[in-house]
Structures are given as structure tokens and as C-alpha cells.
Amino acid sequence: MSAKNLKLHVSRNHAKAHPYPLVGVIMGSQSDWETLEPAAEMLNQMGIPHETRVVSAHRTPDLLFEYASGAERRGIEVIIAGAGGAAHLPGMTASKTLLPVLGVPVESKALKGLDSLLSIAQMPGGIPVGTLAIGKSGAVNSALLAAAILGIKHPDIREALRKFRQAQTNRVLGVPDPSEISQSKSKFRARSPFGKRPSSKRKTGTGKSS
Ligand code: RP5
């Protein structure tokens with residue numbers, strides 16, 4: 001696979017430690033990018049060099065075989081594969097490589113991603129795919145799980161993951177009273193990996209602890 005066909009993401013700070021992509025983020029269609037983009041963003045946040053590519057199991061099967069069988073040789077250590085509907089991309093990819101493959105079920109129009117989830121999770125014994133939640137949460141977690149796997153070998157990635165987890169814990173502990181969220185929502189929004197506003201709905205009652 002030629003480098004010119006791949007979109008590479010290597011942050012300047014980590015380019016020296018990891019000159020080649022460690023994670024391959026592949027997806028069955030351009031339409032899956034909206035779902036997989038948060039995975040790429042989280043990998044960026046962790047400083048993990050990665051590449052992104054559309055590789056369709058049924059539209060470009062030869063490319064899938066080439067990508068999956070050559071990934072380890074190119075230095076890739078984890079593959080994140082997102083697909084919707086019949087979603088055979090993660091399983092087929094896993095069948096052609098010994099690298100860990102993390103599957104992200106894309107939310108399909110017809111069945112809201114339940115089809116994708118079952119297709120990716122229900123691999124027959126022998127060829128595993130680590131299956132995440134449907135949609136953007138699954139994409140974010142695929143990147144965090146990739147960081148945990150890579151962290152066993154790469155101490156800088158383990159440290160980046162540790163810092164992320166600590167910051168996440170601190171954010172929750174920093175606002176113990178949910179009624180304060182609306183006051184600090186602009187701050188929260190800027191830090192949220194999903195970029196969504198927190199719900200401004202309040203439960204009945206004071207919401208304050210006694
Ligand atoms: C799957 O079919 C893709 O992963 C995508 O989620 C779904 C629909 O693809 P498009 O018709 O939008 O290209 O292969």
C-alpha cells in the first residue's frame with residue numbers, strides 16, 4: 001500500500017518517538033467518517049500517530065486483503081475498523097492479520113446499528129474482534145482501548161492515557177453539584193470529547209445535597 005493513498009496523522013511532539021502510524025483507522029464507507037472521526041480526534045489527543053482510510057469489505061475486497069495482510073509489516077500495532085449494516089469489515093480484517101482489531105458498529109438507518117453491533121460482536125470462536133459500543137461513544141472508546149493496548153509497550157502512550165483518565169476524573173469531581181453545570185457549561189463544552197452541550201434539564205427537587 002503506497003503512503004500517498006493514506007491520510008497520515010502524526011503530531012509533531014510524538015513524531016520523533018513514533019515516526020510511523022501505530023494505529024490504522026479504517027471504515028467501510030466515506031459515510032462512516034462522521035462516526036469514526038471522534039476516534040481519530042481521541043488518538044490525536046493521546047498523541048498517537050495514525051492513518052485513516054476507507055476500505056470496504058464488499059466494494060474493495062482486494063484492498064481489504066492488501067491492507068490487513070500488510071498492516072503489521074508497515075508498523076501498525078492496532079487496527080480500528082468501523083462499519084455499518086452487514087459490517088463484515090472488522091471480522092474480515094481480523095482474519096487476515098494477527099494484530100488486535102477493534103470494531104466500531106456504525107449506526108445504520110434501518111436498524112439503528114443493532115445489525116452492525118451483532119455482526120461485529122458475533123464472530124465465531126477463533127477470530128476475535130474487540131467490539132465497542134454503537135456510534136461515536138464506541139469510536140472514542142476504540143481509541144482509548146487502542147491507547148491501553150499500545151501503552152503496554154509504549155510508556156509515553158500509557159502516561160498520556162493516565163493523564164486523560166485523571167483529567168476526566170477531576171472534571172467529574174470538580175462539579176459535584178449538577179445544578180452548577182449550566183453555569184459552567186461553556187467550559188464543559190470546550191472540554192467534551194463529543195462536543196455536545198450537556199443537558200440543561202433538571203430533575204425535580206433542589207438537586208442539592210443536604
Ligand atoms: C457499510 O455500509 C459501511 O460501513 C456503511 O456503514 C454502510 C453504508 O455505506 P454507504 O452506502 O453509505 O456507502 O459498508
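These values consider heavy atoms only, across backbone and side chains, with no hydrogens, waters or symmetry-generated copies. One-based numbering, in listed order, for ligands and for the atoms of each.
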So among Ile157, Leu150, Leu144, which one has a side-chain contact (heavy atoms from CB on, under 4.5 Å) with Met46?
->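 For Met46, the side-chain contact (heavy atoms from CB on, under 4.5 Å) check succeeds only for Leu144.
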Q: Show which residues join Leu118 in its hydrophobic cluster (side-chain heavy-atom contacts under 4.5 Å, direct or indirect), or state none.
A: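 Grouped by the 4.5 Å side-chain rule, Leu114, Leu117, Ile134 form the rest of the cluster around Leu118.
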Let me check something: any side-chain donor-acceptor pairs from residues 95-107 under 3.5 Å, sequence neighbours excluded? List them with distances.
from, atom 1, to, atom 2, distance (Å)
Ser95, OG, Met92, O, 2.6
Thr97, OG1, Leu99, N, 3.1

Using the salt bridge (charged side-chain N to carboxylate O under 4.0 Å, His left out) criterion, which residues pair with Glu37? Sequence neighbours excluded.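 Glu37 satisfies salt bridge (charged side-chain N to carboxylate O under 4.0 Å, His left out) with no residue once adjacent residues are dropped.
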TODO: Collect the protein residues that have a non-hydrogen atom under 4.0 Å from ligand 1 and hand them over in chain and number order.
DONE: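 Within the 4.0 Å shell of ligand 1, which is judged on heavy atoms, sit Gly28, Ser29, Ser31, Asp32, His58, Arg59, Ala83, Gly84.
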Expected output: side-chain Ser108 to main-chain Gly113 donor-acceptor under 3.5 Å
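Present.
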Quick one: does Ser119's side chain have a donor or acceptor within less than 3.5 Å of a partner on Asp115's backbone?
->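 Pair absent, no side-chain N/O of Ser119 close to backbone of Asp115.
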